[in-house]
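Position 1 is the first residue of the sequence; numbering continues from there.
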Amino acid sequence: MLLGHVAFALLGRLGWNQLPPNAIAYGGAAMVVGGLLAVAGLITYLHRWKWLWKEWLTTQDPKRIGVMYVIVALIMLLRGAADAFLMRAQQSVSVGSNQGFLDASHFQQIVSAHGTIMIFFVAMGLMFGLINLVLPLQLGARDVAFPFMNASSFWLFFAGMALVMASLVLGDFSAAGWLAYPPLSELKYSPTVGVDYWIWALQISGIGSLLSGINFMVTIIKMRAPGMSLMKMPMFAWSVMGSMALVAFAFPILTVTLTLLALDRTIGTHFFTAGGGGNAMMYVNLIWAWGHPEVYILVLPAFGIWSEVVATFSRKALFGYTSMVWAIWAIVILSYTVWLHHFFTMGAGADVNAFFGITTAVIAVPTGVKIFNWLFTMYRGRISFRSPMLWFMGFVVIFTIGGVAGVMMSVPAIDYQVHNSLFLIAHFHMMIIGGVVFAFFSGLSYWFPKIFGFRLHEGLGKVAFWFWSVGFIVAFTPLYVLGLMGATRRLDHYDASLGWQPLFIVAGIGAALIGFGVAAQVAQLVVSILLRDSNRDLTGDPWNGRTLEWSVPSPAPFYSFTKQPVVQVRDQFWADKQAKKSHKEYEDVLLPKNSGWSVAVGALAFTFAFCLVWHMYWVLPLAFVGVVVTLVVRSMNDEPEYVLTAREVEKLDQAQARKVKEYEAIQS
């Protein structure tokens, strides 16, 4: 008995009974643990631990932080895609007397994990990765406003991801859906650690997102190149500004909401438990007051990417620049007036439903303005259908289909019929995958040579595009029909007499086609690395770009610019090329030193959250004090930066030029 009390005091709820419960779960755990051991073994074999620590883990260079964001996001994309395939496979076979290969609880966990991962750790990770990679260069800045905060934001994001992956090995994950509505997420109905993993993974990564939002807003306001007024900024920078404004106002709502739910589960408060005087609908209002702006947090940077890609590959200036800016801010404002359309069925009354139905329809207008501006940009342009541009063409088709379905659901009477059905799932995926993930794939293809110095393999990129696009339509078009037939979301079994199985099988085939698209992307990356010498970007401007990031060599040096550019017109780099300006100047560069303190912040945050999930309360004050001490010690560093002299910059630039000549000689 005494040993039991001691073990509980030290380990809380953690025990042997928390290992994976079945073969499929064991397979997931084995992949996580095996993958970690394989990576650690490879790094040890190559003697690269010191290099990894000095060059990457402790870096405060936004370009390298951006690469780490993208790597984590792509790893989580593989996890999220695997979850999607399991769901579609289960729904294809679990009919009538056949119960499929997943039990109901495990299926619900996979559904919850898929939604959580794809929104928070794939879409958000790709977004912040591309912003880190591109935004400072586009602004003519060498860094973000707060480098240490930027690095800490990444490690908080990483800690949240690690918590989600830990749930594969120890315990379980939430089975309450990706937004964990009470009362299902309350302790009475979810007594295991799954919802706690969900809460703290989102809480930690959400705090990192909030810090990033503030950081990028300040960067845009204070770090622009001399002469770059707001109306001379690239459209991607405007889209990031709108998105980060939403982050700054929306994520505190998420932080408070998750805190209240955690208090309900841990100390017995009743903010959302109806039996204790709480109100579950308050949770739904709060989570969607964050959740619908979150959709536009993701979509706005995607719109910025399309603006850059379409203008570059159409060889024209972006059509309707001013209207595009106004459209961004119209979306920012309207995004806070539409959250209630997610629960038109709550019985709020005709007046409330009418208001939110109208605002939902109205927000389609500025989005339509953008699509027409991109099409007008293409009109009479010299269009080059390289893979970044192909992703745009796929986006136009899929996003338009999803947008039409969204306008339909803005009508409360229609929404009442299709609410909580697969019709809604199809709409949401066409907006987020077709509108956001396609844009980030396009952006990665577009800016890849700027970051790594060589282009991705074009043929495999096109193969990936076609598998993704065709597979996506095949996977989600049947869900519209199934939704109209009454199939609800999160359905793991159904009766054979309903006649749904053929459509679920078609959807499963579509998921398999998307899987081939993911495989093609993996092959594209591998082949591109193997053939990198033949695909080197020797000019720094492989696409004949318009904005400042293309004015520096590829890969972009850690100091970014030899001398901070001066901006006189919009698309300054394009204007310089037309005027044939190529003279280089050099100046001293102030750069942040590497710091391991940001890694410590992430590690301590993970420790705090993990121990809170498992009720190891004795560790909590140690972890919390550790975070505070880490931040205090870091703040006392009087020399967080160093100066790279103009002479050193010139030497590095000339060394880069010699490498380019060597590659030119090899290729010739």
Side-chain angles (χ1 to χ4, degrees), residues 23-25 27-28 30-32 34-35 70-94 100-102 106-107 109-119 121-123 125-126 164-165 168 178 387 390-391 394-395 397-398 402 422 425-426 428-430 432-442 444-445 456-457 459-479 482 492 501-528:
I24 294 176
M31 290 184 67
V32 173
V70 170
I71 290 172
V72 172
L74 293 179
I75 291 171
M76 297 305 282
L77 175 63
L78 295 177
R79 162 79 193 277
D83 287 340
F85 182 77
L86 286 173
M87 286 189 293
R88 290 291 169 258
Q90 168 72 9
Q91 290 174 328
S92 296
V93 301
S94 181
F101 55 91
L102 294 172
H106 195 186
F107 181 87
Q109 290 178 46
I110 289 173
V111 171
S112 302
H114 173 73
T116 302
I117 286 168
M118 295 302 286
I119 294 295
F121 299 104
V122 175
L126 290 173
V164 173
M165 299 302 277
L168 277 175
W178 80 279
S387 55
L390 285 180
W391 287 109
F395 150 79
V397 174
I398 293 172
L422 291 180
I425 297 299
F428 185 77
H429 280 77
M430 284 195 163
I432 296 299
I433 303 296
V436 175
V437 177
F438 274 32
F440 294 151
F441 288 162
S442 175
L444 284 174
S445 298
L456 288 171
H457 190 277
L460 286 170
K462 291 179 178 179
V463 169
F465 161 76
W466 284 110
F467 270 119
W468 263 96
S469 298
V470 175
F472 198 83
I473 292 172
V474 173
F476 288 97
T477 303
L479 300 193
L482 284 164
D492 66 290
Q501 189 177 26
L503 289 169
F504 273 119
I505 291 174
V506 172
I509 293 171
L513 291 174
I514 293 173
F516 285 121
V518 173
Q521 288 174 302
V522 173
Q524 180 192 27
L525 182 60
V526 173
V527 171
S528 299

So for atom CZ, which belongs to F101, do other residues, nucleotides or ligands contribute more than 12 heavy atoms lying within a distance under 6.0 Å? yes

dist M31:CE -> M165:CE (nearest 0.5 Å) comes out at 8.5 Å

I want to check something: taking the side chain as every heavy atom from C-beta on, are T116 and F121 in contact at a cut-off of under 4.5 Å? yes

For the student: nearest non-hydrogen atoms of L444 and L456, plus distance: O-CD1, 4.4 Å

Which heavy-atom pair separates V474 from V506 by the least distance, and what is that distance? CG1-O, 3.5 Å

Value rounded to 0.5 Å, distance of CZ in F472 from CD1 in I398: 5.5 Å

Contact between I119 and F428 at the side-chain level, heavy atoms closer than 4.5 Å - yes or no? yes

For a side chain to side chain contact (heavy atoms under 4.5 Å, CB included) check, start with the C-alpha distance between I433 and M118, then their side-chain angles and the critical distance, and finish with the verdict. CA-CA 9 Å; I433 303 296; M118 295 302 286; 4.2 Å; yes

Rounded to the nearest 0.5 Å, what separates atom CG in L102 from atom CG in L86? 6.0 Å

Correct closest heavy-atom pair for F395 and G435 would be CD1-CA, 3.6 Å

Exam field: side chain S92 to backbone R88, donor-acceptor pair closer than 3.5 Å: yes

Which distance, rounded to the nearest 0.5 Å, do you find between the CD of Q91 and the CG of L482? 8.5 Å

For L479 and A507 the tightest heavy-atom approach is CD2-CB, 4.2 Å

CD on Q521 to CG on L525, rounded to 0.5 Å: 9.5 Å

So, applying side-chain contact (heavy atoms from CB on, under 4.5 Å) with R79, which one of I117, V122, V32 is it? I117

Do the non-hydrogen side-chain atoms of F438 and S469 ever get within less than 4.5 Å of each other? yes

Tell me, with the steps shown, if M76 and V164 meet side chain to side chain contact (heavy atoms under 4.5 Å, CB included). CA-CA 10 Å; M76 297 305 282; V164 173; 4.3 Å; yes

Could you grab the distance from atom OG of S112 to atom CZ of F107, nearest 0.5 Å is fine? 10.0 Å

Least distance between heavy atoms, V93 atom then Q501 atom: CA-NE2, 4.2 Å

Are any side-chain N or O atoms of H429 and backbone N or O atoms of I425, one a donor and one an acceptor, separated by less than 3.5 Å? yes

Which atom of L168 lies closest to which atom of G28, heavy atoms considered: CD1-O, 4.1 Å

Can you list the residues that meet the salt bridge (Lys or Arg N to Asp or Glu O under 4.0 Å) rule with D492, with sequence neighbours excluded? none

Can you name the ring-ring contact (aromatic ring centres under 6.0 Å, His included) partners of F441, sequence neighbours left out? W391, W468

